[in-house]
Q: 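Take this structure first; my questions come after.
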Amino acid sequence: TFASNLLVQKYGEFGSLQDARNVFTAMPLKNLFSFAIMLSAFAKNGHLEEAKRVFDEMPQRDLVCWSSLIAAYARQGRLDQAKAILVGMPEWDLVVSTTMLTAYAHGGYLRDAKVVIQAMQERDLVSCTAILYAHVRDGNLNEAKRVFDGMKEWDLVSCSVMVTGYAHRGHLEQTKNVFDEMKVRNIVAWNALLLAYVESGQLKEAKTVFDAMPQHDLLTWHTMLTAYAQGGYIAEAELLYESTMQEWDVISCTTMISAYAQLGHLERARAVFDSMLEWD
RNA sequence: CGGGGAUGGUG
């Protein structure tokens, strides 16, 4: 049972749900974990009906199973259904609250988010980060910073939430302050710093950050591209496109197309579009 | 051995 559970989990992580299900149904003895892992596999891959069916078939359910199901609905923005499940639960814990909080904050239901925050008894790093995130979504950076400063510990995710919150609003000084205080920095933090410069119109400084970054990803290019397009720097945009286009996705190409279109280069916009048709 | 937190275009 132990080994089969692991196998189901691995298939689930890989997205091979059919294989996961086959192993699961063939298991002669299933324990709580077996059901929970199968449930989680469907839930994480967005198969809500299947997840619900496993849930309904379970002989016993603990908090983790309820939470897993709620997270599945919440992630897809099915907040009503997530909430319906929530109120049917025998008891709540910090993880369920955090799941709902994030879902509300992400969907812009800030009033509901605040109700959850006030109902939370205990807090840990993850739930504090979710609270922080809720304030950022609310556009209330002062409150976000208050929460951030009041935290007992910080990690990459909490710092990233704070730094991207500032960057999105073009608060360059605050972005730099948080960024500078980070002990380790990942691509999310670097992208935020880059964005802050772009948002405050400092293209030259932005390029310096771009060159100083340890890595670039789709978002990095997207941010630079947007900056170039806004400033009318078509040659620079084109250079960026040509050097990195092999790794671009639909969003980057769409941005490139509208950049060309905006600046009146319709044939080149068309060329980018045509290159996309050869993808599959 | 299972559940919760972060960055881009259009909608």
Side-chain angles (χ1 to χ4, degrees), chain A residues 1-10 12-13 24 30-44 51 54-55 58 61-75 82 85-86 89 92-103 105-106 116 120 123-134 136-137 144 147-148 151 154-168 175 178 186-196 198-199 217-227 229 248-259 261:
Chain A
T1 301
F2 215 74
S4 304
N5 283 351
L6 284 177
L7 192 56
V8 174
Q9 188 186 4
K10 284 299 159 210
E13 281 168 14
F24 176 74
K30 302 180 178 82
N31 59 16
L32 176 63
F33 288 110
S34 319
F35 285 95
I37 290 168
M38 190 69 251
L39 168 58
S40 156
F42 284 129
K44 281 184 175 150
V54 174
F55 182 83
M58 295 182 70
R61 307 173 185 104
D62 62 2
L63 256 177
V64 174
C65 303
W66 286 91
S67 178
S68 196
L69 190 64
I70 286 186
Y73 283 101
R75 253 182 248 119
I85 299 166
L86 183 78
M89 286 178 70
W92 299 348
D93 71 353
L94 190 55
V95 173
V96 193
S97 307
T98 306
T99 306
M100 285 308 293
L101 171 55
T102 305
H106 188 86
V116 176
M120 291 195 329
R123 297 180 180 187
D124 63 2
L125 177 58
V126 173
S127 58
C128 283
T129 306
I131 294 172
L132 177 63
Y133 176 66
V136 166
R137 297 293 298 197
V147 171
F148 185 72
M151 288 170 65
W154 298 267
D155 66 358
L156 260 178
V157 176
S158 50
C159 291
S160 302
V161 173
M162 192 70 246
V163 83
T164 56
Y166 279 134
H168 259 278
T175 303
V178 178
N186 59 3
I187 185 87
V188 178
W190 279 100
N191 282 341
L193 185 66
L194 179 67
L195 178 66
V198 169
E199 287 289 306
D217 67 1
L218 281 173
L219 243 116
T220 317
W221 297 322
H222 180 268
T223 306
M224 276 313 285
L225 186 59
T226 309
W248 282 26
D249 67 356
V250 192
I251 295 182
S252 337
C253 288
T254 307
T255 311
M256 192 69 211
I257 290 173
S258 48

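Chain identifiers are assigned alphabetically (A, B, ...) following the order of the sequence lines, protein sequences preceding nucleic acid strands; residue numbering begins at 1 within each chain.
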Q: What's the closest nucleotide to the S40(A) side chain, out of G3(B), G5(B), C1(B)?
A: G3(B)
Q: Kindly say whether, by distance alone, the side chain of D62(A) makes a donor-acceptor pair under 3.5 Å with the base of G2(B)?
A: yes
Q: Mind checking what makes side chain to side chain contact (heavy atoms under 4.5 Å, CB included) contact with V95(A), not counting sequence neighbours?
A: S67(A), D93(A), T99(A)
Q: Please report, rounded to the nearest Å, how far the P atom of C1(B) is from the NZ atom of K10(A).
A: 12 Å
Q: Could you tell me whether V161(A) contacts a base, only the sugar-phosphate backbone, or nothing, with contacts defined as non-hydrogen atoms closer than 4.0 Å?
A: sugar-phosphate
Q: Examine the base of G5(B) for any acceptor or donor lying under 3.5 Å from a partner atom in the side chain of T129(A), and report the outcome as yes or no.
A: yes
Q: Over how many whole Å does the gap from I37(A) atom CD1 to C1(B) atom P extend?
A: 10 Å
Q: Indicate, with a heavy-atom threshold strictly under 4.0 Å, whether C65(A) touches base, sugar-phosphate, or nothing.
A: base
Q: Atom NE2 of H106(A) and atom C1' of A6(B): how far apart are they, to the nearest Å?
A: 11 Å
Q: What's the CG-C1' distance between L125(A) and A6(B), to the nearest Å?
A: 12 Å
Q: Grab the CG-P distance between L69(A) and G4(B) for me, whole Å please.
A: 13 Å
Q: Which is true for T220(A) with a 4.0 Å heavy-atom rule: it touches a base, it touches only sugar-phosphate, or it touches nothing?
A: nothing
Q: Separation of E199(A) atom CD from U7(B) atom P, in whole Å?
A: 15 Å
Q: Any base atoms under 4.0 Å from S67(A), or only sugar-phosphate, or nothing? Heavy atoms, all strands.
A: base
Q: From CE of M100(A) over to P of G4(B), roughly how many Å is that when rounded to an integer?
A: 15 Å
Q: Categorize T1(A) for me: base, sugar-phosphate, or nothing, with a 4.0 angstrom heavy-atom threshold over every strand shown.
A: nothing
Q: Of the listed nucleotides (G3(B), A6(B), G2(B)), which one gets closest to any side-chain atom of A36(A)?
A: G2(B)
Q: Please enumerate all residues that pass side chain to side chain contact (heavy atoms under 4.5 Å, CB included) together with T226(A), with sequence neighbours excluded.
A: H222(A), Q230(A), T255(A)
Q: Measure across W154(A) and F148(A) and return the closest heavy-atom pair with its distance rounded to 0.1 Å.
A: NE1-O, 2.8 Å
Q: When we call it a touch if two heavy atoms are under 4.0 Å apart, what does S68(A) touch: a base, just sugar-phosphate, or nothing?
A: sugar-phosphate
Q: Per the atom types in the model, does the base of G3(B) pair as donor or acceptor with the side chain of D93(A) at under 3.5 Å?
A: yes
Q: Nearest-Å distance, CZ (F33(A)) to P (G3(B))?
A: 10 Å
Q: Just jot down the ring-ring contact (aromatic ring centres under 6.0 Å, His included) partners of F33(A), sequence neighbours excluded, or say none.
A: none
Q: So if I take every side-chain heavy atom of Q9(A) and compare against G2(B), A6(B), G4(B), which nucleotide ends up nearest?
A: G2(B)
Q: Tell me, please, which residues at least two apart from R75(A) pass side chain to side chain contact (heavy atoms under 4.5 Å, CB included).
A: K44(A), A71(A)
Q: I need the minimum non-hydrogen distance between T164(A) and A192(A), along with the two atoms involved.
A: CG2-CB, 3.7 Å
Q: What nucleotide, of G3(B), G2(B), G4(B), holds the atom closest to the side chain of L94(A)?
A: G4(B)
Q: V96(A) near the nucleic acid: base, sugar-phosphate alone, or nothing, with a heavy-atom cut-off under 4.0 Å?
A: base
Q: With distance as the sole test, does W92(A) use its side chain to make a donor-acceptor pair with the main-chain N or O of L86(A) at under 3.5 Å?
A: yes
Q: Between A6(B), G3(B), G5(B), which nucleotide gets closest to the side-chain atoms of D155(A)?
A: G5(B)
Q: Which listed nucleotide (G4(B), G2(B), U7(B)) is nearest to the side chain of L32(A)?
A: G2(B)
Q: Between R61(A) and G3(B), does any side-chain N or O lie under 4.0 Å from OP1 or OP2?
A: no
Q: How long is the span from the SG atom in C65(A) to the CG atom in L39(A), to the nearest 0.5 Å?
A: 6.0 Å
Q: Where do N or O atoms of nucleotides 9-11 of chain B meet protein N or O atoms at under 3.5 Å, pair by pair?
A:
unit_1	atom_1	unit_2	atom_2	d
G9(B)	N2	T254(A)	OG1	3.4

Q: With sequence neighbours left out, write down each residue that passes side chain to side chain contact (heavy atoms under 4.5 Å, CB included) with L156(A), or none if nothing qualifies.
A: M182(A), V184(A), N186(A)
